[in-house]
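Quick notes on the structure that follows.
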Amino acid sequence: MVKLVAKSPAEGLVPVETGETRLTENIYEAITWVAPLDGKEKAVAKALGLPWPKPGEITGEDEHLAIWTAPGQALILGPPVAPRGAAVADQSGGWCVLVLEGADAREVLARLTPLDLRDSAFPEAHTARTLIGHMTASLTRIAPDTYEIMVFRSMAKTAVHELTRAMDAAAARARL
């Protein structure tokens with residue numbers, strides 16, 4: 001009989017370290033899409049135990065985060081949730097969550113996204129739906145030199161490849 005083995009989206013692709021940056025994978029227990037029904041946002045936030053995120057922000061801490069994804073929608077990263085008064089869908093198998101950290105992280109991302117990543121435009125705890133290269137992604141700044149990049153699972157290998165190329169370019173520039 002065939003034995004199936006679960007693998008993370010970026011298994012065997014990371015970690016990657018180049019110059020002043022490191023790329024790893026973050027594996028959450030669950031990734032749940034939540035959309036409160038009309039008038040239920042406060043009740044859903046209370047049931048989740050964290051504030052509902054406003055556009056462009058994340059709420060929560062460490063292993064229990066709410067990431068704004070669109071008006072009236074968020075991804076909840078952490079333990080599985082199913083709050084009453086909301087449409088809910090398990091997205092755990094559909095996403096690859098990469099973490100880019102280090103002194104050159106902003107320069108690496110600047111090569112791949114059209115976002116303004118300056119501190120004044122993209123501070124900590126800020127998130128945006130954007131492009132990373134040609135891939136749709138969610139980009140969240142979780143610390144001064146640390147970003148979490150979410151791409152569809154099917155794009156994991158491409159995302160790691162593109163980020164590694166940008167890391168190599170940033171490292172080569174730093175050596176000049």
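Worth knowing before you read on, the calculation uses all heavy atoms, side chains too, and leaves out hydrogens, waters and symmetry mates.
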query: Is a side-chain donor or acceptor of His126 paired with a backbone partner of Glu57 at a separation under 3.5 angstrom?
result: no

query: Is a donor on one side and an acceptor on the other found under 3.5 Å between the side chain of Thr113 and the backbone of Leu109?
result: no

query: What heavy-atom pair brings Ala6 and Glu11 nearest, and what distance separates the two atoms?
result: O-OE1, 4.4 Å

message: Between Arg141 and Pro144 (side chain of the first, backbone of the second, donor and acceptor by atom type, cut-off under 3.5 Å), is there such a pair?
response: yes

query: Does some side-chain heavy atom of Leu139 sit less than 4.5 Å from a side-chain heavy atom of Leu115?
result: yes

query: Rounded to the nearest 0.5 Å, how far does OG1 of Thr127 lie from CD of Glu148?
result: 8.5 Å

- prompt: Does a side-chain N-to-carboxylate-O contact under 4.0 Å join Arg22 and Asp145?
  reply: no

- request: Test Ser8 against Glu25 for side-chain hydrogen bond (donor to acceptor under 3.5 Å, both in side chains), laying out the working first.
  value: CA-CA 9 Å; Ser8 72; Glu25 183 177 21; 2.6 Å; yes

query: Given side chains that start at C-beta, do those of Thr32 and Val88 come closer than 4.5 Å, heavy atoms only?
result: yes

message: With a 4.0 Å cut-off on N to O distance, would you call Arg106 and Asp119 a salt bridge?
response: yes

- prompt: Counting N and O atoms only, with roles assigned by atom type, does the side chain of Ser92 sit under 3.5 Å from a partner on the main chain of Ile31, one being a donor and the other an acceptor?
  reply: yes

message: Would the distance check show the side chain of Trp68 and the main-chain N or O of Ala70 forming a donor-acceptor pair, the cut-off being under 3.5 Å?
response: yes

task: Would you mind checking if Glu162 and Arg111 are paired as a salt bridge, meaning a charged N to carboxylate O distance below 4.0 Å?
output: no

query: How many angstroms lie between atom OH of Tyr28 and atom CD1 of Ile76, to the nearest 0.5 angstrom?
result: 11.5 Å

field: Closest non-hydrogen atom pair between Ala128 and Phe122, with its separation
entry: CB-CE1, 3.9 Å

message: Applying a strict under-4.5 Å side-chain criterion to I, L, V, M, F, W and Y, I'd like to know whether Val99 and Leu163 cluster together.
response: no

task: Look up atom NE2 in His161 and atom CE in Met155, then write down how far apart they are to the nearest 0.5 Å.
output: 11.0 Å

- prompt: If you round to the nearest 0.5 Å, how far is CD of Glu20 from CG of Asp104?
  reply: 5.5 Å

query: Other than Val2, which residues form its hydrophobic cluster under the rule that side-chain heavy atoms must be closer than 4.5 Å?
result: Leu4

Least distance between heavy atoms, Leu48 atom then His64 atom: O-CE1, 3.0 Å

- prompt: If you look at every heavy atom in Val14 and Leu23, which pair is closest and at what distance?
  reply: CB-O, 3.7 Å

message: Tell me whether Asp38 at atom CG has more than 12 heavy atoms from other residues, nucleotides or ligands lying less than 6.0 Å away.
response: no

task: Identify the two heavy atoms, one from Pro9 and one from Cys96, that lie closest to each other, and give their separation to 0.1 Å.
output: CB-CB, 3.6 Å

task: Give, for atom CG of Leu112 and atom CZ of Arg165, the distance between the pair rounded to the nearest 0.5 Å.
output: 9.0 Å

Shared hydrophobic cluster for Val108 and Leu117 (ILVMFWY, side-chain gaps under 4.5 Å): yes

message: Tell me the closest heavy-atom pair linking Val44 and Ala86, and the distance in Å.
response: CG2-CB, 3.8 Å

Test ring-ring contact (aromatic ring centres under 6.0 Å, His included) applied to Trp33 - qualifying residues, sequence neighbours left out: none

field: Working for side-chain contact (heavy atoms from CB on, under 4.5 Å), residues Thr158 and His134
entry: CA-CA 10 Å; Thr158 302; His134 66 281; 3.6 Å; yes

message: Checking Thr24 against Leu98 for the side-chain contact (heavy atoms from CB on, under 4.5 Å) test, could you report, in this order, the C-alpha distance in whole Å, the side-chain angles of both residues, the deciding distance, and whether it holds?
response: CA-CA 6 Å; Thr24 57; Leu98 299 168; over 6 Å; no

message: Around atom CZ of Arg129, are there more than 12 heavy atoms from other residues, nucleotides or ligands closer than 6.0 Å?
response: yes

message: Would Leu65 and Thr59 count as a side-chain contact (heavy atoms from CB on, under 4.5 Å) here? Give the steps.
response: CA-CA 6 Å; Leu65 299 171; Thr59 61; over 6 Å; no

statement: Between Leu75 and the options Ile58, Thr69, Val34, the side chain to side chain contact (heavy atoms under 4.5 Å, CB included) test singles out Thr69

- request: Output the distance between atom CD1 (Ile27) and atom CG (Leu77), rounded to the nearest 0.5 Å.
  value: 12.5 Å

query: Could you go step by step and tell me if Thr136 and Leu131 meet the side-chain contact (heavy atoms from CB on, under 4.5 Å) rule?
result: CA-CA 5 Å; Thr136 301; Leu131 293 174; 4.3 Å; yes

